[in-house]
Amino acid sequence: MGCTVVAGAFWGDEGKGKIISYLALKDKADVCVRTGSVNAAHTVHFEGRRYALHMVPSGFVYDKCRLLIGAGANVHVPQLLKEVEETGVKGRIRVDRQASIIEPRHSEVDKSDGHLKSLGTTGWGVGPAVQERAKRSARLAKDVPELQLFLANVAEEANNAVDAGKNVVLEGTQGLMLSLYHGTYPYVTSRDTSAAAICSESGVGLSRVDTVLVVYKSFITRVGTGELPGELSKEEAVRRGWFETAAGTGRERRSAPFDFSLARRVARIHGATEAAVTKLDILHPECKSARSFDELLQDAKEFIVEVERAAGVPVTIIGTGPDALDIIDRRGSA
Ligand code: IMP
Ligand code: MG
């Protein structure tokens, strides 16, 4: 695997957590660096349990994977400590000294500010925390007593791992259409979510990356406000089996069919070299739990070929069910 950046395609919730947990187990990832912040929930099903991780990297499922939170991330200290406890990763998780901190007052502002409310933010306070960081008055991880045992130089560690030829995953959050720069402004999150930004937040330079894996879901969902081309009514979404609620906030997700021209645009901006497609079993129920491409029926295969044509890169990983191992892995055979 080398160094792989995992980046979301559309409005988040593509299933990056599942893909990353699979890669960590399958490729025995040595290091997984989480970027972004607590607003994103990555869902991981592992050993009969479901985790909705807001802070701990999704690579935690592989017990030898070193878990890092990058300098560009914003850390919610109580949530991090809670998840460290839940996942039992205390001895192998580290936070960059310069990661910034979300305080309770940031969440209060996020929930009460009229403008932020109108954007349909998650309410975790990430926007206000980033604002303070940009003003250069935010507290950093190194200033927090509870984090002293966890501090590290994440860029240094991650680059050492790359130097040593280890397997490194850089875990992006949200999707490109929520990027502050490239998304549906102002209905976006407070940071860039592109693959380049994931590298930047981790402190791993672009030339050190071997694979940029863009993660698409077989249909599109979005929470919060803002345009969603081709949006279905809730009734139609339920009928198609596309209706979802958010892993983090419990909010209802809006949904729309896969958008091939948007898929192309997104792949170009991320600089994708490979793609993953999740939840193929929702679009094509007969694919459920398939583990090889040959098992797929013709229309499911055709859908994947269409995605490849749009993205301009091979679809190497296909999700066919919720378990981390419900995957068709075409890497090396494509
Ligand atoms: P904020 O990131 O909480 O400021 O919210 C800004 C917008 O990004 C809102 O539309 C949120 O619903 C959306 N958003 C933030 N994080 C996620 C995520 O992890 N998945 C999906 N949408 C998200
Ligand atoms: Mg999510």
Side-chain angles (χ1 to χ4, degrees), residues 6-21 34-45 50-58 72-76 79 83 100 102-134 171-194 197-198 201 215-217 219-228 231 242-256 266 276 278-279 319 322:
V6 179
F10 298 128
W11 285 273
D13 306 316
E14 299 92 358
K16 291 176 292 295
K18 181 230 166 75
I19 298 298
I20 292 164
S21 57
R34 167 109 187 207
T35 60
S37 191
V38 67
N39 46 1
H42 286 180
T43 304
V44 174
H45 291 260
R50 177 182 176 279
Y51 300 85
L53 301 171
H54 294 261
M55 291 264 68
V56 166
S58 301
N74 287 281
V75 178
H76 189 289
Q79 183 68 26
E83 291 181 11
S100 64
I102 302 193
E103 318 277 354
R105 68 172 183 282
H106 295 138
S107 171
E108 281 160 32
V109 173
D110 208 0
K111 287 178 184 151
S112 58
D113 180 280
H115 170 66
L116 291 173
K117 273 195 345 203
S118 77
L119 303 181
T121 69
T122 61
W124 278 97
V126 180
V130 169
Q131 226 178 316
E132 205 166 303
R133 189 174 196 174
E171 176 169 1
T173 55
Q174 291 111 4
L176 194 75
M177 297 319 291
L178 286 173
S179 162
L180 180 61
Y181 305 151
H182 305 288
T184 48
Y185 190 92
Y187 302 104
V188 294
T189 193
S190 48
R191 45 189 280 281
D192 183 22
T193 53
S194 70
I198 298 165
E201 287 194 20
V215 182
Y216 298 104
K217 185 159 66 181
F219 52 98
I220 296 178
T221 57
R222 145 163 235 188
V223 283
T225 327
E227 68 188 69
L228 179 58
E231 180 167 2
W242 296 3
F243 179 72
E244 298 179 346
T245 51
T249 56
R251 291 186 293 175
E252 295 187 352
R253 291 181 185 156
R254 302 151 60 200
S255 62
V266 157
T278 62
K279 297 205 172 183

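Predicted model, so just to flag it, every value in this text is computed and none were measured. Every number for a ligand or one of its atoms is a count from 1 in the order of the listing.
Of all non-hydrogen atoms in His42 and Gly172, the two that sit nearest each other are CE1-O, 3.1 Å. Residues Gly123 and Ser107 come closest through the heavy atom pair O-OG, 2.9 Å. Minimum heavy-atom separation, Asn74 to Met55: O-CE, 3.4 Å. Here the closest non-hydrogen pair linking Lys111 and Lys117 is O-CD, 2.9 Å.
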(request) Evaluate the criterion side chain to side chain contact (heavy atoms under 4.5 Å, CB included) for residue pair Ile220 and Arg254; output intermediate values, then yes/no. (result) CA-CA 8 Å; Ile220 296 178; Arg254 302 151 60 200; over 6 Å; no
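At the shortest separation from atom 19 (O) of ligand 1 among protein heavy atoms lies Ala40 CA, 3.0 Å. The closest protein non-hydrogen atom to atom 18 (C) of ligand 1 is Gln174 CG, 3.7 Å. Here the heavy atom of the protein found nearest to atom 14 (N) of ligand 1 is Leu178 CD1, 3.8 Å. The single protein non-hydrogen atom nearest to atom 21 (C) of ligand 1 is Asp13 OD2, 3.0 Å, given as residue, atom name and distance. The protein heavy atom nearest to atom 5 (O) of ligand 1 is Thr121 CA, 3.3 Å.
Of the listed options Ser190, Gly120, Gly224, Gly120 places a heavy atom closest to atom 11 (C) of ligand 1. The heavy atom nearest to atom 10 (O) of ligand 1, out of those in Leu116, Thr189, Thr221, Val223, is found in Val223.
When non-hydrogen atoms are compared, ligand 1 lies under 4.0 Å from the backbone of Asn39 as well as from its side chain. If you look at Arg251 next to ligand 1, the close heavy atoms, those under 4.0 Å, all belong to the side chain. Contacts between Val188 and ligand 1 below 4.0 angstrom, taking non-hydrogen atoms only, involve the backbone exclusively.
Note: Phe219 and Trp242 have parallel aromatic rings, judged against thresholds of 30 and 60 degrees for the angle between ring planes.
In summary, Arg222 and Glu244 do not engage in a salt bridge, as defined by a charged side-chain N under 4.0 Å from a carboxylate O. Using a 4.0 Å cut-off between a side-chain N of Lys or Arg and a carboxylate O of Asp or Glu, Lys217 and Glu14 do not qualify as a salt bridge.
Remark: ligand 1 and Thr122 share an N or O pair separated by less than 3.5 Å (distance only, no angle test). By the 3.5 Å distance cut-off applied to N or O atoms, Asp110 is not counted among the residues near ligand 1.
Interface atoms of ligand 1 facing Leu119, defined by a heavy-atom separation under 4.0 Å, are 10 (O).
Side chains of Gln131 and His106: a donor-acceptor N/O pair is absent below 3.5 angstrom, by distance only. Side-chain contact check for Ser179 and Asp192: at least one donor-acceptor pair (N or O, by modelled atom type) lies under 3.5 Å. Judged by distance alone, the side chains of Ser58 and Glu171 do bring a donor and an acceptor atom under 3.5 Å apart. No donor-acceptor contact under 3.5 angstrom links the side chains of Asn39 and Ser37, judged on distance only.
In this structure, Trp11 counts as a contact residue of ligand 1, since one of its heavy atoms falls inside 4.0 Å of the ligand.
A side chain to side chain donor-acceptor pair (under 3.5 Å) with Thr173 is found for one member of Arg34, Lys16, Arg191, His54 and no other, namely Arg191.
Taking distances strictly below 2.8 Å, the protein N/O/S atoms close to the Mg ion (ligand 2) are Asp13 OD1, Ala41 O.
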